[in-house]
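Start at 1 and go down the list; that is how both ligands and their atoms are numbered.
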Amino acid sequence: MNDKVLWVTGASSGIGAAVANKFASKGWKVAVSARRVELLDELAKHENIFSYPLDVTDAIKLKEVFNKIVNDLGKVDMCILSSGTYERKSEKEIDVNNIRNVIEVNFLGVINSVGAVESYFKNKNSGHIAIVSSPVGYRGLPKSSGYTPSKAALNNFTQGIYFDFIKYNVRVSLICPGFIKTALTDKNEFKMPFLKSPEYAANKIYDGLINKKTFEIIFPIQIAVIYKIFQILPNRIYNYLISKFVNR
Ligand SMILES: NC(=O)c1ccc[n+]([C@@H]2O[C@H](COP(=O)([O-])OP(=O)(O)OC[C@H]3O[C@@H](n4cnc5c(N)ncnc54)[C@H](OP(=O)(O)O)[C@@H]3O)[C@@H](O)[C@H]2O)c1
């Protein structure tokens with residue numbers, strides 16, 4: 001019997017929805033949040049899933065909703081923050097309004113969510129914050145003027161708060177999926193290498209958070225190897241490779 005409680009943001013579709021189902025199937029009580037109420041209600045047909053709609057750009061509402069979840073379900077042990085947005089066609093040229101929106105959701109929206117759980121987890125001296133970011137944030141990429149920088153900021157933020165929370169016995173994990181087939185990537189017009197299903201991602205995330213307990217969960221292995229090499233390549237070689245194989 002499992003008495004654990006999870007809160008998932010960005011849970012109405014894609015990775016977040018698959019993660020919610022995975023944890024619910026393992027007996028966790030799962031509070032699911034996003035804006036599209038009807039999709040959350042659909043998920044909440046599972047006896048262990050409960051719908052809590054919100055917009056992550058509204059910090060005040062986020063805090064209220066989080067308090068309601070704690071109130072309704074008795075506690076929260078872990079949160080998986082998976083909200084995010086991306087539209088490749090809006091990123092080919094610099095569009096400040098698009099970039100502002102992407103940063104507002106992908107970076108500040110996650111910070112709002114962490115802000116909502118901070119004092120609760122620190123006061124109870126336990127908890128786990130898992131942030132879904134992306135390996136694309138490791139280094140700059142072409143035709144990604146908003147998404148890649150938002151994930152770079154998120155990777156850096158997550159690494160930074162690891163040190164701030166661990167003193168309170170609160171774990172922080174960084175989740176970096178490769179290409180996963182969701183509404184977000186369905187808009188890509190290029191062939192995505194090593195494309196995986198949301199259920200594959202959910203299994204990797206569950207295994208990484210519950211069994212492996214490493215700070216960073218990056219998958220699949222091919223993407224992990226490629227991006228880890230990208231991280232350490234000198235600029236001259238990185239720029240050559242990206243110009244030749246990606247920026248075409
Ligand atoms: N798919 C990939 O290949 C991939 C790879 C690396 C990282 N990621 C990251 O994984 C996360 C999930 O993406 P996904 O691929 O599963 O795409 P998705 O199916 O489009 O999921 C995005 C989720 O974010 C929610 N969301 C967007 N704006 C929101 C807002 N303002 N307030 C609350 N929720 C909001 C959406 O719900 P509503 O529209 O209902 O609000 C949806 O549930 C994102 O952070 C993405 O950057 C994805």
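Note that CG of N98 and CD of E87 are 7.5 Å apart. Values are rounded to the nearest 0.5 Å. Atom-to-atom distance recorded for N21:CG and N48:CG is 10.5 Å, nearest 0.5 angstrom.
Distances from ligand 1 to the non-hydrogen atoms of L54 include at least one value under 4.0 Å. Ligand 1 lies out of reach of C176, whose nearest heavy atom is not under 4.0 Å from it.
If you look at T185 next to ligand 1, the close heavy atoms, those under 4.0 Å, all belong to the side chain. The backbone and the side chain of V56 each have at least one atom closer than 4.0 Å to an atom of ligand 1 (non-hydrogen atoms only). Residue contacts with ligand 1, taken as heavy atom pairs separated by less than 4.0 Å, do not involve Y86 at all. Contacts between A11 and ligand 1, counted as non-hydrogen atom pairs separated by less than 4.0 Å, involve the backbone only. At a heavy-atom cutoff of 4.0 Å, ligand 1 is contacted by the backbone of S133 but not by its side chain. At a 4.0 Å heavy-atom cut-off, ligand 1 touches T182 through the side chain alone. The part of K151 lying near ligand 1 is the side chain, judged by heavy-atom distances below 4.0 Å.
Within the 4.5 Å cutoff, side-chain heavy atoms of S113 are placed close to those of L62. Using a 4.5 Å heavy-atom cutoff, the side chains of T185 and Y86 are not in contact.
Short contacts between ligand 1 and Y147, defined as distances under 4.0 Å to a heavy atom of the residue, involve ligand atoms 7 (C), 8 (N), 9 (C), 46 (C), 47 (O). Listed by number with element, the atoms of ligand 1 under 4.0 angstrom from any heavy atom of V132 are 9 (C), 10 (O), 11 (C), 45 (O). Each of the atoms 36 (C), 37 (O), 38 (P), 40 (O), 42 (C), 43 (O) of ligand 1 lies under 4.0 Å from some heavy atom of S12. Distances below 4.0 Å separate heavy atoms of F179 from the following atoms of ligand 1: 3 (O). Heavy-atom proximity to G14, at under 4.0 Å, picks out these atoms of ligand 1: 16 (O), 19 (O). Using a 4.0 Å cut-off to heavy atoms of V105, the atoms of ligand 1 that qualify are 28 (N).
Y200 OH: more than 12 foreign heavy atoms inside a 6.0 Å radius.
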Start with the C-alpha distance between S90 and D95, add both sets of side-chain angles, then the distance that settles side chain to side chain donor-acceptor pair (under 3.5 Å), and finish with yes or no.
CA-CA 7 Å; S90 316; D95 173 346; over 6 Å; no
Could you please spell out the steps behind the salt bridge (Lys or Arg N to Asp or Glu O under 4.0 Å) verdict for E189 and K143?
CA-CA 12 Å; E189 68 279 356; K143 301 183 187 112; over 6 Å; no
Any chance you could lay out the side chain to side chain donor-acceptor pair (under 3.5 Å) test for R139 and N239, step after step, and finish with the verdict?
CA-CA 10 Å; R139 286 186 93 155; N239 290 351; 5.5 Å; no
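Remark: K204 is not positioned above the aromatic ring of F219, lacking an NZ or CZ atom under 6.0 angstrom from the ring centre and at most 45 degrees off the axis.
Atom 31 (N) of ligand 1 has as its closest protein heavy atom D55 OD1, 2.9 Å. Regarding atom 39 (O) of ligand 1, its nearest protein heavy-atom neighbour is R35 NH2, 2.9 Å. Shortest contact from atom 17 (O) of ligand 1 to any protein heavy atom: L184 CB, 3.3 Å. Atom 44 (C) of ligand 1 has as its closest protein heavy atom S82 O, 3.5 Å. Ranking the protein heavy atoms by distance from atom 5 (C) of ligand 1 puts G178 O, 3.2 Å first.
The shortest N/O to N/O separation between S13 and ligand 1 falls below 3.5 Å. Considering backbone and side-chain N/O of P177, none are found under 3.5 Å from N/O of ligand 1. Taking any N or O of T57, backbone or side chain, none lies under 3.5 Å from an N or O belonging to ligand 1. Residue contacts with ligand 1: G84 is placed with a nitrogen or oxygen under 3.5 Å of a nitrogen or oxygen of the ligand (distance criterion only). For the pair G10 and ligand 1, the shortest N or O to N or O distance falls below 3.5 Å. When only interatomic distances are considered, the shortest N/O to N/O separation between I180 and ligand 1 falls below 3.5 Å. For ligand 1, the polar-atom distance check against I15 finds a nitrogen or oxygen pair separated by under 3.5 Å. Of the N or O atoms in S134, none lie within a sub-3.5 Å distance of an N or O in ligand 1.
Proximity of a side-chain donor or acceptor of N169 to a complementary backbone N or O of N125 within less than 3.5 Å is detected. Between the side chain of D77 and the backbone N or O of H128, no donor-acceptor pair lies under 3.5 Å. Looking only at distances, no side-chain donor or acceptor of E216 sits under 3.5 Å from a matching main-chain atom of L174. In this structure, the side chain of Y120 engages the main chain of V76 through a donor-acceptor pair within 3.5 Å. For N155 (side chain) and S134 (main-chain N/O), a donor-acceptor pair under 3.5 Å exists by modelled atom type.
Side-chain atoms of K22 and N203 form a donor-acceptor pair, as typed in the model, at a separation below 3.5 Å.
Taking the six-membered ring where the residue is Trp, the centroids of Y227 and F230 are separated by under 6.0 Å. In this structure, the ring of F121 has its center no less than 6.0 angstrom from the ring center of F165.
Of all the listed residues (R36, M192, K187), R36 holds the heavy atom that lies closest to atom 40 (O) of ligand 1.
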